[in-house]
Amino acid sequence: MLEEQRARLEKRTRRLRRTEPIRRMLRETRLHPDMLVAPVFVTEGSHRTEEIEGMPGASRYSFDELPVYLERLAGAGIRGILLFGVPDTKDETGTGAYSRDGVVPRTLAAIKPSFPELVVMADVCMCEYTSHGHCGVLNGKEVDNDRTLPFLARAAVEYARAGADVVAPSAMMDGQVRAIRAALEGSGMDDTLVMGYSAKHASAFYRPFRNAAGSAPAFGDRRSYQMQPGNRREAMEEIRQDIEEGADMVMVKPALAYLDVISEARRRFDLPLAAYNVSGEYSMLKAASLNGWLDEKEAVQEVLTGIRRAGADLIITYFAEEAARWMKEGW
Ligand code: PBG
C-alpha cells in the first residue's frame, strides 16, 4: 500500500464498531420503557375486547376488561397510558366527551385507584363523540373554534376530577390550552398537567385510529384545523403558542414523516417533548412484519431510536408493550 494511502487510513471510524461491546458502550441514543406511553382505547359495555381493524395486536377494551391489559402493560414496565374513549352513542355536540358519566371519566374513576403508579393521560377531543366526527361543534359546515373551547375545557375538568394526571387536547382549536388551563385552575385542579398536541398535522396515517375510535369525519376533512404537512415554521409557532398558553408538555404528531419538526422543536424549546408514533405508522410496520417482509423487532427498534434521536423525550406508540419487553431483554 502506498504510504500516502496508509496515512489517510489512520482515521478509521470502523474501529468504533468492531465488536458488540464497543458498539453498546458508544451508543449515543438509548431507549428505556420509562419514556414510552401506550395509547388505550376504552369502550362502553362489558366483556368486550375487540381487535382493531388494520392494527393487529391492538384492541379496544370495555372497562371491566381493561385492568388485565393494564396489568400486562405495567408488567412490561410501561408507566404511561393515553386514554381514548369510544362511546356507544354520539350526538351533535359530543355530550359523551364532557358528561360526568361518559366513558372516560368512568374508566378513570375505576382504574386510577388500582394503578397509582401509572401516569394516566386522557385525550381531550370531540371527534369520537360527535355524530359528524369533527373535532369541535359545528356552525353550518364549519367547525366553530370559540364555541368548542368551553366543551373542551369541561371535558378536561371532568377527566382531571376523575383522576387523570395529564389532559391532552388534540382538537387543534386555537386557544384550547389556555381555555383548559384556566378551567383547571378555576376548579382547583391546578396540579393536572396539560400536554398540548401542539403540532398536529392533517395526516393520512390516522386512518386506523379512526376505525378504532369510529371518529372519521362524516363530511369534509380536518384540514381547516390540523396543520398541513409541509409547514415546519408554522409548527414552531403552534408549539410556541401552546407554551405561552400554559402547556406543561408539547407534542409533534405524527412522528416518522416529521422527524425534522421534532428535531427543531427540541432545539428551540425546553419543555418536555412528546412524539406520537401514530396508528398508520404502526399498521405499516405490522403489515410488513406479518408478511415476513421486515423483521419486526429490528424495524421497531430502528424507528423508535430514530424518534428518540430526533429529540423526543416521550414516545407515544402502539408498540409500547412489545418494545418495553424487547428493551428488557436488552435489544
Ligand atoms: C383525535 C385524535 C386522533 C388521533 C389522536 N387523537 C385522530 C384524528 O385527529 O383524526 C390519531 C392517533 C393515531 O392515529 O394514532 N382528534
Side-chain angles (χ1 to χ4, degrees), residues 36-42 52-60 80-87 90 94 96-98 103-104 121-130 132-137 143 145 148-149 151-152 155-156 159 164 166-174 176-177 180 194-229 238 250-258 274-287 303-304 307 312 314-320:
L36 300 180
V37 175
V40 171
F41 296 98
V42 54
I52 297 165
E53 193 196 333
M55 299 182 72
S59 300
R60 290 180 289 257
I81 61 166
L82 176 58
L83 263 189
F84 293 94
V86 187
K90 304 174 189 250
Y98 45 85
V103 60
V104 168
M121 309 181 169
D123 182 83
V124 177
C125 194
M126 312 286 287
C127 64
E128 298 97 324
Y129 304 91
T130 49
H132 45 76
H134 277 288
C135 300
V137 293
V143 174
N145 190 92
T148 299
L149 297 179
F151 292 113
L152 296 173
Y159 302 170
V166 180
V167 290
S170 66
M172 286 301 278
M173 295 299 120
D174 288 335
Q176 61 183 10
V177 168
I180 287 172
V194 178
M195 175 169 71
Y197 278 68
S198 313
K200 176 174 176 178
H201 300 81
S203 171
F205 292 98
Y206 303 156
R207 161 98 53 100
F209 174 98
R210 292 178 191 169
N211 286 334
S215 64
F219 63 88
D221 53 43
R222 305 207 199 293
R223 287 182 202 161
S224 73
Y225 41 103
Q226 299 181 348
M227 286 189 51
Q228 54 175 319
E238 286 282 0
V250 293
M251 189 200 296
V252 172
K253 176 186 176 191
L256 288 187
Y258 302 85
Y276 199 146
N277 178 217
V278 301
S279 57
E281 299 175 327
Y282 174 87
S283 300
M284 60 184 181
L285 284 185
K286 266 288 173 197
V303 159
L304 297 182
I307 297 170
L314 278 182
I315 305 175
I316 303 163
T317 176
Y318 302 90
F319 285 112

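Just so you know, ligand 1 is whichever comes first in the structure, and atom 1 is the first atom listed for that ligand. Quantities reported herein were computed from a predicted structural model and do not represent experimental measurements.
- In Cys125, the part holding a heavy atom less than 4.0 Å from any atom of ligand 1 is the side chain.
- Between Glu281 and Tyr276, the closest side-chain pair of non-hydrogen atoms is not below 4.5 Å.
- When hydrogens are left out, the protein atom nearest atom 10 (O) of ligand 1 is Arg210 NE, 2.6 Å; that is the closest non-hydrogen contact.
- Only the side chain of Cys127 comes within 4.0 Å of ligand 1, counting heavy atoms alone; its backbone N, CA, C and O stay farther away.
- Residue, atom and distance of the protein heavy atom nearest to atom 4 (C) of ligand 1 are Lys253 NZ, 2.7 Å.
- Summary of contacts: the protein heavy atom closest to atom 16 (N) of ligand 1 is Lys200 NZ, 2.9 Å.
- Of the listed residues (Ser215, Ser170, Cys135), the one carrying the non-hydrogen atom nearest atom 1 (C) of ligand 1 is Ser170.
- Of the protein's non-hydrogen atoms, the one nearest atom 15 (O) of ligand 1 is Tyr318 OH, 2.6 Å.
- For the pair Lys253 and Tyr206, the cation sits on the ring face: its NZ or CZ lies under 6.0 Å from the ring centre, inside 45° of the axis.
- The protein heavy-atom contact nearest to atom 14 (O) of ligand 1 is Ser279 OG, 2.7 Å.
- Proximity of Tyr276 to ligand 1, defined as any heavy-atom pair under 4.0 Å, is confined to the side chain (atoms from C-beta onward).
- Not a single donor-acceptor pair under 3.5 Å links the side chain of Lys90 to the backbone N or O of His132.
- Note that CG of Leu304 is 9.0 Å distant from CG of Leu256, once rounded to the nearest 0.5 Å.
- Between the Arg207 side chain and the Gly280 main chain, no donor and acceptor come within less than 3.5 Å of each other.
- Interatomic distance, CZ of Arg222 versus NE2 of His134, reported as 7.0 Å (0.5 Å rounding).
- Ligand 1 has at least one atom lying under 4.0 Å from a heavy atom of Gln226.
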